[in-house]
Structures are given as C-alpha cells and as structure tokens.
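To keep things clear, I will list the structure first and then write my remarks on it.
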Amino acid sequence: MNYEDVMKLALERGFYFPSCEVYSDAQAGFWEYGPSGVSLKNKFLELWRRELIRRDGMFEIDGSQIMSKSVFEASGHLGSFADPIIKCKKCKSTFRADRTISEISNMEIPESADLIEFDKAILQSNIKCPKCKGDFENTKKFNMMFRVGIGPEEEEAYLRPETCQSIFVDFPRLFKIMRGKLPFGIAQVGKSFRNEISPRQSLLRLREFYQAEIEVFCNPSRLNDVEKFSEIQNTIIRIQTDSEPFAMTCKEAIESEIVPNKFVAYYLGILTEFYEKTGIDITKSRFRKLGEKEKAFYAEAAFDFEVETTIGWLELVACNYRSDYDLSSHAEKSKEKFEVMDNDKKVLPHVFEISMGIDRSLYTILEHSLNDDKEHERIVLSIKPYLSPIHVGVLSLIKKDGLKEKTDEIYLQIKRKFDAFLDHSGAIGRRYRRLDEIGAPFAITIDHETLKDDTVTIRKRDSMEQNRIKISELDSILTESLAYP
RNA sequence: GCGGAAUUAGUCUAGCUCGGUAUGACGUCAGCUUCCCAAGUUGAAGGUCGUGGGUUCAAAUCCCGCAUUCCGCACCA
C-alpha cells in the first residue's frame, strides 16, 4: 500500500493527524499521535529496549529538551547547524551562499566564515541570481535550532536539535555512578526540534520529532576487541558503497573491509536484527556508506540505514562514528574531565552513535504491514502481534440471551493484562474487519456454546481461521502468542 | 523559501463555468433482525464549504491576502 493509503488509515483509525487542526494558524511540521499511534510507538520502543538496550547492557536516561547555549557552542550546532543564505531581491529565491559562490566564481568560502566575507565575494565576482539574474540581499544566517528565552530576562537557550547532547554532557557522572567500563552504552528516547524550511509528508519531515539515540563510548585502540561479535558474525546485513546494495554476513563485511571494525559491525548487526523483528521488509533495506561530502560535520565514518517505501528510500537511522569530537569539545568548553580509565590506561573515549528516527520507522512499519486483501474485501494491517495497537478484540456473537453479559465478564478478566477492545455493535463480520484494519492479531467471540461449556472461538487476523478454546486457556494462549520474540 | 495545483462531515466526493447557505457514498450511533466474516431493515447525529478581508440585496461559487496539504525546485547531521 502507498503513502496515501497509510495516511487514510492514520486519519481514520487514530494513528496520527495534524496538530492544532481546529485552528487556522496551525503551523506545518507538527503532528499528534492518536491512541493507536501511541500504542504502536510504546510497543516499538519496548522492542528497541529489548533488542538493543538490554541486549547490550546499555543505560537509558531522559534529559532536558531545553539546553543551555554553551552546550551548542561546544557541540558546534551554533556554528555549523546554521547555513549562510542569500535571497534574491527580485524573484525571492533563496540559495546557500557558500555553494552559489563556489559554483559561479570557484571561490571557496567556508560556511562558518563571517557573513561579510560572502557579501564581499558576491560584489567582487558580480554574482547574480541563477534564476532571474536579480541582485541579492545581504547574506543572513539561518539556524535550524529553536531559540527560547529562559526566565524574565529571557536568557538564551535552545530546544535540542538532537537528543544525544545530554548523553555527552552527562557522560562523566554516568560513567562514575554506573561503575562504567568501556564500551559503555547510553541511550535516550525523546523529542528533538529542528526549524525545517519546508516540513513535508506528515511523519517523515517534522519540526518536532522523536529520536531514539544510542551513544556507545569506546576505546579507539580496541575496536576489534569485541567478544560479542560472534553473536552476529553470521547475521546478514545489506550494504551499499557506490553501486547496488548487496547482502553479506557481518563477518564478510569485516573481511572485505567494507565495515572498518568489529565494533561498528556488531552494532550494524544487532540493528538489523531489531528491524527484522519490527516486520519491516529487510530485503528492502540497506546500509548506505556515506561519502565525504554527505557526512555530518562531526562524523568520521557513517552508515545510513535506509528502507525502500512507495515514496522512495527513507533514512531511518544514522550510524555515525563521531570519534572524540563531542567529548573533547565539551571537555574544552566546560573544563570538566572526560577521560576515563580503561585497562589501566587513561583514554578519552570515542563515540559510535545509532540515531534512530522513531516517526519514520513507525511510518515504514505501517506501510510495509498494510495489505489490501481483495479476496475477502478487507484492509489488513498485518503487523507483528507484539506491536499491534490492539492485541485482541472481545466480541459477542449476538447481544441477546446473556451473551453480552458473558462477553463483558471475559473482557474484564483480560483487559488489564492485554490491550483488549470490547465490541457488541453491528454484524460480526464488520467487527472483524474493523479489528483487521488496526492490526489486532486476535478476536475472541462469545457464542451460545460459551454458556454451555465455557469455550470461545479465537480468530486469527491473517488467516481468518477460527479455533475453539477453553476460557481457562485464554490467558496462556494470548500471553504466548503476543510475546516479544 | 520559490513555482504549480488543491482545501466542502471521521474518509472520499457533487455543486463553482453561469452567485440564491450544500449532493451522494462509505463510516459512526440507536433499535429490530441475525449462532461467525463489510447482509437486511427503521431511525439519528455530524458541515457557519481551510482562514481573514473585498465585491454584492445575496458568496462554497467572483476577487485579494494568509495558512495548510500535495507535486516540482531548493534545503535536509
């Protein structure tokens, strides 16, 4: 199914919808999760915790969304996260100043240079608008961070443009109190904020969005000293360097030197295993090895985890080897010590980052799971049972003869443990269809036989097949079928 | 941010050319019916037609601004 089908499902079934939609001054790039969306998101994150955080023995924190100016001076976001832009006086088109100047005059001005340098170059080389030959206004800086004023004096602070800065600044304390040893993983889930010029496509480019970030602190001289590598050495990952992506085991990726070391390969491996369990079609995924020009300003080596969807390849995760960029700049700015002991040697750890876009991941799960079952005239969200917003529908076959009461009783029994949905109204087939559309893997139906022998029928979403089971077995059957893998 | 198109109920949509406060479908709710896959039947709720202004006796309809959405461009750690 395509983007529009997913959008329709999201709007009709409460996965997500535009923020503040009753007001006409609602801004672009802000979306809300409805009940189904939140339920999916929570379950997705539980899977993430199981497959990455607990599996690797990482620690999770929850930092502030507003952070002080110094943090972003040290991180480089105040300098590098801002682009010098020039605007044409005549046609109002906006361009990147540094790129436009270098294309037309071959003059290379670093993007962090003083704004006057750009204006000078434009005058000297008589640079005009590439579109309409008009003159440019003075160069301005466009920073993607949202500035906020703290307290009555409105002191300068920023909404974080990525969650990981708290992890870096908290690292010295966390390493001490959690009795840290390298490699040391810290994770965080939360919102980040970027003032995108043009937000697009609902969850795919937001101004306020969720990230699940992992920063693994490591000793740069021991990147091939990874015991856990054997766990994933035969896991198949798909890597693209410059041509088509091709599949290889993690072991082969190391031997061919496509992935620089076992440490990075280990995390690419467990990340792939995680995404496989979300139900995303892993044969439509790739780790794209980024070239020099594409990499972020802090990255030494970078792999983007991308998945193919009906609107093209989507970047779901950025995996960056950030070296000691972050810790050394925070150390310098804060005068705090960030070195730690590893095997009796003092080291400033390097960082490998796994920065996941949650919203995009959820969209991709929905798109890859949504099917049009033409034979049975239904839309089915064939999502993994443990990720489904609703685990089980509880239905009375008809309302009369005490079936409604018996149904309510069974619903009460299970609703605290499972995400159950009670439904008495309308034809039974219609109720099954509704459950199919939000991905409920099971429906149990209470009929006249239930009153006689305490059995119910259980219907499976994908096969539509039904079995009769004892009410006393219900709990264990559901528990087993809905368990995380 | 630039250019183009669009915006009518939960969703899709008719009406706009040629001005007279809105059509249909699906969905939703309640009843009847119904012992298993969107059936039938009787009712009901839900829209100041994105928003602000203008023209007019009268605007969903004509004109202008803005917002949002989609498509391109640009941007995108």
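Values below: every heavy atom of this structure, side chains too, minus hydrogens, waters and symmetry copies. Chain naming here is simple, since letters A, B, ... match the order of the sequence lines and numbering starts at 1 in each. Keep in mind that this is a model prediction, so the values were computed, not measured.
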TODO: Output yes when at least one side-chain N/O atom of Y3(A) is less than 4.0 Å from OP1 or OP2 of C70(B), else no.
DONE: yes
TODO: Just say parallel, tilted or perpendicular for the rings of F217(A) and F184(A), cut-offs at 30° and 60°.
DONE: tilted
Task: Spacing between H424(A) atom NE2 and U28(B) atom P, to the nearest angstrom - done: 16 Å
Task: Residues E196(A), R207(A): salt bridge by 4.0 Å N-O rule - done: no
- [ ] Check I390(A) against P441(A) and note the closest heavy-atom contact, atom names and distance.
- [x] O-CD, 3.3 Å
Open item on the list: What's F17(A) touching, base or sugar-phosphate or nothing? Going by heavy atoms closer than 4.0 Å.
Closed with: nothing
- [ ] Using the P atom as the reference point in each nucleotide, state the distance between A22(B) and U33(B) in Å, no decimals.
- [x] 37 Å
- [ ] Under a 3.5 Å limit for both distances, which nucleotide forms a Watson-Crick or G-U wobble pair with A14(B), could you say?
- [x] none
- [ ] Write down the partner of G1(B) under the Watson-Crick or G-U wobble criteria, each distance required to be under 3.5 Å.
- [x] C73(B)
Open item on the list: Rounding to an integer number of angstrom, what distance separates C71(B) and G27(B) when you compare their C1' atoms?
Closed with: 29 Å
Open item on the list: Say we look at U13(B) and U21(B): how far apart would their P atoms be, to the nearest angstrom?
Closed with: 24 Å
TODO: Assert yes or no for the condition that the ring centre distance of F193(A) to F209(A) is strictly below 6.0 Å.
DONE: no
- [ ] Flag the pair Y321(A) / H350(A) as yes when their ring centroid distance falls below 6.0 Å, and as no otherwise.
- [x] yes
Open item on the list: Under 4.0 Å, heavy atoms only, any strand: does A318(A) hit a base, just the sugar-phosphate, or nothing?
Closed with: nothing
TODO: Assign the ring pair F44(A) / Y275(A) to parallel, tilted or perpendicular, where the plane angle (0 to 90°) is split at 30° and 60°.
DONE: tilted
TODO: Could you work out the separation of A9(B) and G15(B) based on their C1' atoms and round it to a whole Å?
DONE: 16 Å
TODO: Would you kindly say whether R286(A) and Q240(A) are connected by a side-chain donor-acceptor distance under 3.5 Å?
DONE: yes
Open item on the list: If you go through the side-chain atoms of S198(A), does one of them form a donor-acceptor pair with the base of A74(B) closer than 3.5 Å?
Closed with: yes
- [ ] Round to a whole Å and report the spacing from CZ of R205(A) to P of G72(B).
- [x] 13 Å
Open item on the list: Without decimals, in angstroms, what is the distance between R207(A) CZ and C75(B) C1'?
Closed with: 12 Å
Open item on the list: Nearest whole Å is fine: how far is C12(B) C1' from E12(A) CD?
Closed with: 9 Å
TODO: Report the base-pairing partner of U51(B) (Watson-Crick or G-U wobble, both distances below 3.5 angstrom), or none.
DONE: G65(B)
TODO: Let me know which of I379(A), I365(A), V380(A) forms a side chain to side chain contact (heavy atoms under 4.5 Å, CB included) with L370(A).
DONE: I379(A)
- [ ] With C1' as the reference atom in both, quote the distance from G72(B) to U8(B) in angstrom, rounded to an integer.
- [x] 27 Å
Task: G43(B) pairs with, by Watson-Crick or G-U criteria that keep both distances under 3.5 Å - done: C29(B)
Task: Euclidean distance for C1', A45(B) against G50(B) (whole angstrom) - done: 24 Å
Task: Interatomic distance, M144(A) CE vs G1(B) P [rounded to whole Å] - done: 14 Å
Open item on the list: What's the gap between A14(B) and G47(B) when it is taken at their C1' atoms, as a whole Å value?
Closed with: 14 Å
TODO: Kindly point out which of C29(B), U69(B), C73(B) is positioned nearest to the side chain of R200(A)?
DONE: C73(B)
Open item on the list: Which residue in the set D447(A), D454(A), D401(A) passes salt bridge (Lys or Arg N to Asp or Glu O under 4.0 Å) when paired with K406(A)?
Closed with: D454(A)
- [ ] For RNA chain B, determine which residues of residues 209-218 of chain A have any heavy atom closer than 4.0 angstrom to one of its atoms, and list them numerically.
- [x] none
- [ ] Report the distance from atom CD of E196(A) to atom P of C75(B), rounded to the nearest whole Å.
- [x] 13 Å
Task: Parallel, tilted or perpendicular: rings of Y210(A) and Y33(A) (30°, 60°) - done: tilted
Open item on the list: Can you measure M7(A) atom CE to G10(B) atom P for me and round it to whole angstrom units?
Closed with: 15 Å
Task: Geometric class of the F30(A)/F146(A) ring pair [parallel <30°, tilted 30-60°, perpendicular >60°] - done: tilted
Task: Pairwise C1' distance, G20(B) and U61(B) [rounded to whole Å] - done: 11 Å
- [ ] Starting at atom NZ of K8(A), determine the distance to atom P of G10(B), rounded to an integer number of angstrom.
- [x] 14 Å
Open item on the list: Generate the contact string for nucleotides 34-50 of chain B. Rules: B means base contact, S means sugar-phosphate contact only, - means no protein heavy atom under 4.0 Å.
Closed with: BBBBBB-----------
Open item on the list: Is it the case that the side chain of H330(A) and the backbone of Y325(A) share a donor-acceptor pair, with hydrogens and angles ignored and the cut-off at 3.5 Å?
Closed with: no
Task: Paired nucleotide for A60(B) [Watson-Crick or G-U wobble; both distances under 3.5 Å] - done: none
Task: Comparing E315(A) and F30(A) on RNA chain B - which has the more 5′ nearest nucleotide - done: F30(A)
- [ ] State the pairing partner of U34(B); accept Watson-Crick or G-U wobble contacts with both distances under 3.5 Å, and report none otherwise.
- [x] none
Task: Under 4.0 angstrom between Q201(A) side-chain N/O and U69(B) OP1 or OP2 - done: no
